[in-house]
Visitor: 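Shown below is the structure under consideration.
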Amino acid sequence: MARLSEHGIRLSSMSPSFLNSNSTSHTWPFSAVAELIDNASDPGVSAKQFWIDVVHETDHLCLSFIDNGSGMTPNKLHKMLSFGFTEKGSGRASQQAIGVYGNGFKSGSMRLGRDALIFTKNGGCQTVGMLSQTYLESIKAQAVIVPILLVVTEDSQASLTAVLDHSIVKSLEQIHSHFDSIPSKKGTKILIWNIRRAKDGKMELDFETDPNDIRLPEIQIEELKKGLKNSGSLRTEQNIPDMHYSLRAYLSILYLKPKTQIILRGKKIQAKLVAKRLIHIEHDVYKPHFSVSLRYVCV
Ligand SMILES: Nc1ncnc2c1ncn2[C@@H]1O[C@H](COP(=O)(O)OP(=O)(O)O)[C@@H](O)[C@H]1O
Ligand SMILES: [Mg+2]
């Protein structure tokens with residue numbers, strides 16, 4: 001039966017398949033990675049470092065993202081695993097925040113893989129959360145449910161069982177060792193597994209060609225090249241810029257003013273300050289003015 005509001009009106013619910021639909025806003029996996037870095041460097045979290053690694057966990061290849069930012073309380077983690085909740089909407093700091101819609105983590109993580117585990121500690125408590133399409137499918141869930149457990153309290157038992165039965169962590173010891181791998185008192189670790197596959201059935205990310213990078217596979221680079229040439233964006237003799245297929249190259253130019261040091265597979269990203277490398281620089285201030293009548297039209 002549909003859940004009702006306190007006034008007896010039906011509450012809207014969300015189908016698990018929406019997790020995938022929502023992720024398609026990222027046409028490219030690197031922008032999904034950027035969502036996770038944005039979250040770690042946004043005001044209020046302010047991680048100094050962000051580590052990206054490729055690890056094996058219980059026979060699964062995983063993407064691992066660790067930050068030494070503020071971490072989260074269980075309530076904050078619940079908001080992170082819900083849709084449209086953001087705490088960056090007001091105040092001065094919010095002016096510098098990248099994420100403001102409360103959707104980046106959900107669209108980004110589910111673009112990279114089908115399943116994600118979040119381990120977060122805020123100096124007080126340690127909390128684990130799971131957003132998993134595989135889990136929702138296997139329990140035939142009708143709506144998105146997100147097991148969240150405070151390590152370890154009695155009322156977390158149902159969530160703990162869900163995580164141990166349906167994720168890549170199989171014991172409390174494993175959970176503790178993930179918290180230990182966050183190298184500070186506060187911070188967050190995100191593990192993503194069942195990494196998305198391309199049309200040819202192969203993983204859409206190449207971890208082998210360069211052990212210090214994550215690249216798009218050759219076949220996708222060729223497709224991209226063809227597309228860019230056909231659209232006239234790339235001349236026949238030109239090579240495709242490496243930021244299109246190398247995560248290291250992309251991350252080196254991602255931020256105009258980098259606030260967080262990114263370490264990709266054990267090697268620091270050398271930020272290239274694009275604005276300082278241009279021969280000619282022109283400053284243009286964007287300051288739209290709306291006339292009263294125009295404002296009425298917009299409303
Ligand atoms: N790495 C992180 N550390 C601490 N808090 C985080 C982290 N990632 C996400 N959050 C919290 O989860 C919320 C939702 O994140 P997200 O879905 O990306 O939306 P948005 O960034 O637009 O708020 C953020 O506003 C933040 O409070
Ligand atoms: Mg965000």
Side-chain angles (χ1 to χ4, degrees), residues 13-33 35-36 39 52-66 72 74 77-83 102-120 127-152 156-179 181 188-207 214 217:
S13 46
M14 187 192 297
S15 158
S17 65
F18 182 72
L19 291 177
N20 184 46
S21 326
N22 185 47
S23 75
T24 58
S25 55
H26 291 283
T27 52
W28 182 51
F30 294 172
S31 64
V33 173
E35 293 281 5
L36 307 184
N39 282 346
I52 305 175
D53 284 290
V54 181
V55 298
H56 279 94
E57 185 79 23
T58 323
D59 295 335
H60 281 269
L61 195 65
C62 302
L63 284 165
S64 156
F65 304 91
I66 299 180
M72 283 171 273
L77 178 59
H78 183 224
K79 284 189 175 164
M80 180 190 181
L81 297 179
S82 305
F83 289 76
N103 190 36
F105 171 73
K106 281 69 67 174
S107 64
S109 60
M110 296 294 105
R111 174 64 182 77
L112 293 169
R114 285 179 55 76
D115 310 297
L117 267 179
I118 301 96
F119 305 85
T120 188
T127 318
V128 183
M130 180 165 81
L131 185 65
S132 166
Q133 298 179 64
T134 307
Y135 161 62
L136 295 171
E137 213 172 86
S138 76
I139 63 161
K140 301 191 169 56
Q142 299 297 306
V144 175
I145 54 175
V146 283
I148 291 178
L149 60 117
L150 193 57
V151 177
V152 162
S156 291
Q157 197 52 50
S159 292
L160 177 63
T161 308
V163 166
L164 296 183
D165 287 353
H166 294 276
S167 86
I168 46 175
V169 296
K170 297 293 169 202
S171 67
L172 261 178
E173 287 69 39
Q174 259 175 300
I175 290 181
H176 286 302
S177 76
H178 283 299
F179 279 109
S181 68
T188 301
K189 176 173 187 173
I190 297 167
L191 279 181
I192 295 177
W193 71 101
N194 281 329
I195 292 162
R196 193 179 280 257
R197 292 184 179 268
K199 277 180 254 158
D200 60 5
K202 296 198 179 129
M203 248 185 291
E204 73 165 358
L205 295 170
D206 165 11
F207 304 120
I214 296 175

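Not measured: the values here are computed from a predicted model. FYI, the numbering just counts along the sequence from 1.
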Visitor: Quick check against the 3.5 Å criterion: does K79 have a side-chain atom that pairs as donor or acceptor with the backbone of P74?
Guide: no
Visitor: Sub-3.5 Å donor-acceptor pair from the side chain of R111 to the main-chain atoms of F30, do we have one?
Guide: no
Visitor: For H166, check ring-ring contact (aromatic ring centres under 6.0 Å, His included) against everything at least two apart and list the hits.
Guide: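 Scan of H166 (ring-ring contact (aromatic ring centres under 6.0 Å, His included), adjacent residues dropped) gives Y135.
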Visitor: Taking side chain to side chain donor-acceptor pair (under 3.5 Å) as the criterion, tell me which of N39, T127, T120 meets it with T188.
Guide: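 Answer to the side chain to side chain donor-acceptor pair (under 3.5 Å) test with T188 among N39, T127, T120: T120.
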Visitor: When you measure from the side chain of S171 to the backbone of Q174, do you find a donor-acceptor pair of N or O atoms at a distance under 3.5 Å?
Guide: yes
Visitor: Which pair of heavy atoms, one from H26 and one from S31, lies closest together, and at what distance?
Guide: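 Looking at all heavy atoms of both residues, the shortest contact is ND1-OG, 2.8 Å.
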Visitor: Are the side chains of V144 and L131 in contact, using a 4.5 Å heavy-atom criterion?
Guide: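 Yes, at least one pair of side-chain atoms sits under 4.5 Å.
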Visitor: For I66 and D53, what are the C-alpha separation, side-chain angles and deciding distance, and is it a side chain to side chain contact (heavy atoms under 4.5 Å, CB included)?
Guide: CA-CA 9 Å; I66 299 180; D53 284 290; 5.8 Å; no
Visitor: If you look at every heavy atom in S25 and S107, which pair is closest and at what distance?
Guide: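 The answer is OG-CB, 4.0 Å.
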Visitor: Looking at side-chain heavy atoms only, is the closest gap between V54 and L205 below 4.5 Å?
Guide: no
Visitor: For residues M72 and L77, report the shortest heavy-atom separation together with the two atoms involved.
Guide: SD-CA, 3.9 Å
Visitor: Show the numbers, then the answer: is there a side chain to side chain contact (heavy atoms under 4.5 Å, CB included) between N20 and R196?
Guide: CA-CA 11 Å; N20 184 46; R196 193 179 280 257; 3.0 Å; yes
Visitor: Shortest non-hydrogen contact from L112 to P29?
Guide: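 Of all heavy-atom pairs spanning L112 and P29, the closest is CD2-O, 3.6 Å.
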Visitor: Please find the pair of heavy atoms, one from G113 and one from Q133, that lie closest to each other, and give the distance.
Guide: O-NE2, 4.0 Å
Visitor: Counting only heavy atoms from other residues, nucleotides and ligands, does the tally under 6.0 Å from CG of D59 exceed 12?
Guide: no
Visitor: What is the distance from atom CG of N22 to atom CE of M14, rounded to the nearest 0.5 Å?
Guide: 7.5 Å
Visitor: Measuring from atom SG of C62 to atom CD1 of I190, what distance do you get when rounded to the nearest 0.5 angstrom?
Guide: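 Interatomic distance, C62 SG to I190 CD1, rounded to 0.5 Å: 13.0 Å.
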Visitor: Would you say that V33 contacts L63 through its side chain, given a criterion of any heavy-atom pair below 4.5 Å between the two side chains?
Guide: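 The answer is no, as the side chains (C-beta and beyond) never meet within the 4.5 Å cut-off.
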Visitor: I need the full list of salt bridge (charged side-chain N to carboxylate O under 4.0 Å, His left out) pairs touching residues 128-138, with sequence neighbours left out, sorted by first then second residue.
Guide: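 Those involving residues 128-138 are R114-E137.
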Visitor: Side chains of T58 and V169: closer than 4.5 Å at any heavy-atom pair?
Guide: no
Visitor: Listed by chain and number, what are the ring-ring contact (aromatic ring centres under 6.0 Å, His included) partners of F105, not counting sequence neighbours?
Guide: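 In terms of ring-ring contact (aromatic ring centres under 6.0 Å, His included), with neighbours along the sequence ignored, F105 is linked to no residue.
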Visitor: Please determine whether side chain to side chain contact (heavy atoms under 4.5 Å, CB included) holds for the pair I192 and F65, giving the CA-CA distance in whole Å, both sets of side-chain angles, and the decisive distance to 0.1 Å.
Guide: CA-CA 9 Å; I192 295 177; F65 304 91; 3.9 Å; yes
Visitor: Let me see the working for L164 and I175 under side chain to side chain contact (heavy atoms under 4.5 Å, CB included), right down to the final yes or no.
Guide: CA-CA 9 Å; L164 296 183; I175 290 181; 4.3 Å; yes
Visitor: Could you check whether atom CD of Q142 has more than 12 heavy atoms from other residues, nucleotides or ligands sitting under 6.0 Å from it?
Guide: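 Open.
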Visitor: What distance do I52 atom CD1 and I214 atom CD1 have between them, rounded to the nearest 0.5 Å?
Guide: 6.5 Å
Visitor: Is any side-chain heavy atom of L117 closer than 4.5 Å to a side-chain heavy atom of H178?
Guide: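 The answer is no; the side chains never approach within 4.5 Å.
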Visitor: Has S132 got a side-chain atom pairing as donor or acceptor with D115's backbone, closer than 3.5 angstrom?
Guide: no
Visitor: I'd like to know if the side chain of S17 pairs up with that of S15 as donor and acceptor (distance under 3.5 Å, no hydrogens or angles considered).
Guide: yes
Visitor: Minimum heavy-atom separation for S159 to P147, with atom names?
Guide: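 Shortest heavy-atom separation between S159 and P147 comes out as OG-CA, 3.6 Å.
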Visitor: Within a strict 4.5 Å, meaning less than it, do heavy atoms of the F83 and L19 side chains meet?
Guide: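 Sidechains of L19 and F83: in contact.
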Visitor: May I ask you to check whether over 12 heavy atoms, not counting those of K170, lie within 6.0 Å of atom NZ?
Guide: yes
Visitor: For the side chain of K189 and the backbone of F179, is there at least one donor-acceptor N/O pair under 3.5 Å apart?
Guide: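 Here the side-chain-to-backbone pair does not exist.
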Visitor: What's the spacing between I168 CD1 and L191 CG if we round to 0.5 Å?
Guide: 5.0 Å
Visitor: May I ask you to check whether E57 and S64 show a side-chain donor-acceptor distance below 3.5 Å?
Guide: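 Short answer, no.
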Visitor: To the nearest 0.5 angstrom, please state how far the CE atom of M130 sits from the CG atom of L160.
Guide: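 If we round to the nearest 0.5 Å, M130:CE and L160:CG are 10.5 Å apart.
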